[in-house]
2 protein chains.
Amino acid sequence: MPVTVLLVDDEPLVRAGLRAVLEAQPDIEVVGEAADGAGVIPLVRQLRPDVVAMDVRMPLLDGIEATRAVLRTVDAPPKILVITTFENDEYVYEALRAGADGFLLKRARPAEIVHAVRLVAEGESLLFPASVRQLAAQYGDEGGNRAARAVMERARLTEREAEVLRLMARGLSNAEIAARLVVGTETVKSHVSSVLAKLGARDRTQAVIAAYESGFVAPG
Amino acid sequence: MPVTVLLVDDEPLVRAGLRAVLEAQPDIEVVGEAADGAGVIPLVRQLRPDVVAMDVRMPLLDGIEATRAVLRTVDAPPKILVITTFENDEYVYEALRAGADGFLLKRARPAEIVHAVRLVAEGESLLFPASVRQLAAQYGDEGGNRAARAVMERARLTEREAEVLRLMARGLSNAEIAARLVVGTETVKSHVSSVLAKLGARDRTQAVIAAYESGFVAPG
DNA sequence: ACCGGCCTCCCCCGGGCGGGGGAGACGATC
DNA sequence: GATCGTCTCCCCCGCCCGGGGGAGGCCGGT
């Protein structure tokens with residue numbers, strides 16, 4: 001069963017681009033399009049897509065309100081992937097707070113876009129880039145624990161995964177983490193892979209960066 | 001089982017001070033002393049300490065050569081903690097490159113010294129300890145650039161190397177850095193290797209950690 | 001009793017990474 | 001002119017890393 005996607009963007013060009021990229025994948029199917037947030041809810045009810053790729057900046061009803069509306073009124077709601085042009089778009093964080101599951105840069109490479117859709121479809125959050133940092137800032141970062149907890153909640157890291165991430169952020173290799181936790185290296189690799197997937201990181205370096213940027217670990 | 005330590009320093013006063021500080025800990029035991037690097041190897045073979053606290057500047061055989069010698073000739077070698085007087089002692093980085101596991105400032109507070117010994121005993125590298133952060137704090141961190149420059153001076157990174165480190169700290173791979181800087185990947189690898197050597201980092205992840213911990217790059 | 005999440009470990013496999021060399025070009029310095 | 005440092009690129013090589021699978025045990029919720 002393919003992943004079904006609903007595209008919501010006011011620019012036809014963007015919709016066409018996303019459609020082209022996503023339809024090229026055998027396991028992804030674009031089941032519908034909308035030009036603004038107002039028409040999303042009936043479409044979601046009708047098409048029941050797995051994922052809604054939604055622009056934040058739209059006329060009539062923006063992506064944030066649309067996200068809230070969908071999550072509030074539809075049961076078994078789809079995963080919502082926020083589309084944005086700018087990395088530091090403040091609306092993105094609004095959207096994430098509104099319950100979106102991840103975000104997507106328009107200038108991302110096709111492979112990344114496809115990857116993002118698959119990830120959120122599988123139920124994982126996509127948080128990696130600069131966005132998480134802002135999330136931390138929102139919480140005021142008093143003691144840094146709030147931010148860490150917020151990341152935990154969003155990324156839904158398990159206890160073990162969080163533990164592994166902390167050790168990764170101290171520069172330990174898989175073998176060293178394994179020794180520290182008294183488990184096999186294969187086990188550590190498994191946890192590391194989960195962490196990378198949940199954070200949307202490509203390698204351990206990016207995961208550690210995310211850990212610092214989010215306040216999950218603090219310098220000093 | 002306590003952590004066993006061998007002290008190697010040409011100044012008796014320093015040895016006495018270290019012994020006093022370390023012996024005060026129930027879990028740390030000073031098992032021997034040496035006044036120069038020449039006598040280290042037999043002592044290590046005989047005493048098999050967990051950690052060797054070794055001065056860099058010593059007569060006969062300096063800490064760098066002694067470190068190399070120990071790591072080359074002894075199997076299951078101890079962790080080596082380099083002792084230095086000056087924060088910007090160029091020999092320290094030589095020693096780290098030679099395989100030392102961390103460094104220690106003579107004027108560090110007792111608690112920090114104890115902490116350092118425990119950390120390396122646990123198998124962790126001590127590359128950018130509190131001293132560097134304090135250095136950053138001294139500069140007031142106005143804009144963070146001063147701290148970054150201070151780290152540059154410490155590690156003596158060239159402009160290009162610093163540039164590469166910044167990109168590494170943004171999660172870019174060697175190929176991506178190469179594309180960004182419009183050079184070959186081999187060139188990037190060369191710079192990365194230099195950065196790792198100068199920072200005493202084992203891999204790019206540790207280098208990025210060092211960048212964050214030192215204030216060379218700042219979260220948020 | 002069943003199912004799902006978590007933790008644990010295993011396989012194969014490709015590719016990026018890092019070490020260890022070397023080398024040429026350029027500019028600054030001596 | 002000679003030397004040194006920097007930047008550039010090249011080689012070989014081993015290994016850790018990460019992806020993609022799968023699988024069993026444990027526990028808690030339904």
Side-chain angles (χ1 to χ4, degrees), chain A residues 25-27 111-112 114-116 118-119 122-125 128 152-153 155-165 167-169 171-210, chain B residues 68 71-72 90 93-94 96-99 125 127 152-153 155-169 171-210:
Chain A
Q25 303 300 318
D27 61 329
E112 290 176 343
V114 169
H115 185 58
R118 288 208 187 95
L119 275 188
E122 289 167 9
E124 303 204 29
S125 305
F128 165 61
M152 288 278 297
E153 289 168 18
R156 293 191 170 71
L157 294 184
T158 66
E159 267 308 311
R160 206 53 160 171
E161 288 161 358
E163 210 170 351
V164 168
L165 177 56
L167 294 177
M168 282 169 38
L172 276 65
S173 67
N174 288 339
E176 288 169 342
I177 295 174
R180 180 72 65 94
L181 299 182
V182 200
V183 297
T185 58
E186 295 299 328
T187 302
V188 173
K189 285 178 59 177
S190 181
H191 290 312
V192 169
S193 289
S194 296
V195 170
L196 298 186
K198 288 185 178 179
L199 294 182
R202 184 181 50 195
D203 49 49
R204 66 202 298 111
T205 304
Q206 287 192 352
V208 169
I209 292 170
Chain B
R68 284 206 192 92
L71 294 180
R72 195 174 53 236
E90 56 185 7
Y93 300 101
E94 286 287 332
L96 290 176
R97 228 171 307 176
S125 305
L127 311 170
M152 290 270 299
E153 290 168 16
R156 291 196 167 68
L157 294 184
T158 67
E159 265 311 311
R160 206 54 159 172
E161 288 161 357
E163 211 169 351
V164 169
L165 177 55
R166 283 190 204 97
L167 295 176
M168 290 197 304
L172 276 65
S173 66
N174 287 339
E176 288 168 343
I177 294 174
R180 182 76 65 95
L181 298 182
V182 200
V183 295
T185 57
E186 296 298 328
T187 303
V188 174
K189 285 178 61 177
S190 181
H191 290 312
V192 169
S193 289
S194 296
V195 170
L196 298 187
K198 289 184 178 179
L199 295 182
R202 185 180 50 197
D203 49 50
R204 67 201 299 110
T205 304
Q206 287 192 353
V208 169
I209 292 171

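Computation of the quantities below employed the complete heavy-atom set of this structure, encompassing side-chain atoms and omitting hydrogens, waters and symmetry-equivalent molecules.
- Atom pair B:Glu159:CD and D:dG5:C1' shows a separation of 14 Å (rounding to whole Å applied).
- Contacts between residues 181-191 of chain A and DNA chain D, defined by a heavy-atom separation under 4.0 Å, are made by A:Lys189.
- Note that the two end axes of the helix from C:dA1-D:dT30 to C:dG14-D:dC17 enclose an angle of 0°, each drawn from 5 base pairs, rounded to 10 degrees.
- Once you apply a 4.0 Å limit to the heavy atoms of chain A, the touched nucleotides of DNA chain C run 5' to 3' over C:dC6 to C:dC11.
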Kindly list each side-chain donor-acceptor pair under 3.5 angstrom involving residues 186-194 of chain B, sequence neighbours excluded, with atom names and distances?
{"unit_1": "B:Ser193", "atom_1": "OG", "unit_2": "B:Lys189", "atom_2": "O", "d": "3.1"}
{"unit_1": "B:Ser194", "atom_1": "OG", "unit_2": "B:Ser190", "atom_2": "O", "d": "3.2"}

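- Atom CG of residue B:Leu196 and atom CD of residue B:Glu161 lie 10.0 Å apart, to the nearest 0.5 angstrom.
- Note on A:Ser193: a side-chain N or O is less than 4.0 Å away from OP1 or OP2 of D:dG19.
- A salt bridge is defined here as a Lys NZ or Arg NE, NH1 or NH2 lying under 4.0 Å from an Asp or Glu carboxylate O, and B:Arg166 with B:Glu163 fails to meet this definition.
- The shortest side-chain heavy-atom distance between B:Leu167 and B:Glu176 does not fall under the 4.5 Å cut-off.
- Applying the 4.0 Å criterion to OP1 and OP2 of D:dG18, one finds that A:Arg204 has a side-chain N or O inside that range.
- Of all the heavy atoms in A:Ile177 and A:Met168, the pair that sits closest is CD1-CG, 3.8 Å.
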Problem - Reading 5' to 3' through nucleotides 23-30 of chain D, protein heavy-atom contacts under 4.0 Å coded B for base, S for sugar-phosphate only, - for none - result: --------
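- Looking at residues two or more places apart in sequence or on another chain, you find a side-chain contact (heavy atoms from CB on, under 4.5 Å) between A:Asp203 and A:Thr205, A:Gln206.
- Straight-line distance from the CD1 atom of A:Ile177 to the C1' atom of D:dC17: 12 Å, rounded to whole Å.
- Judged as a side-chain contact (heavy atoms from CB on, under 4.5 Å), and not counting sequence neighbours, the contacts of A:Ala175 are A:Ser173, A:Thr185.
- Summarising the geometry, the separation between CG on B:Asn174 and P on D:dC9 is reported as 13 Å, rounded to the nearest angstrom.
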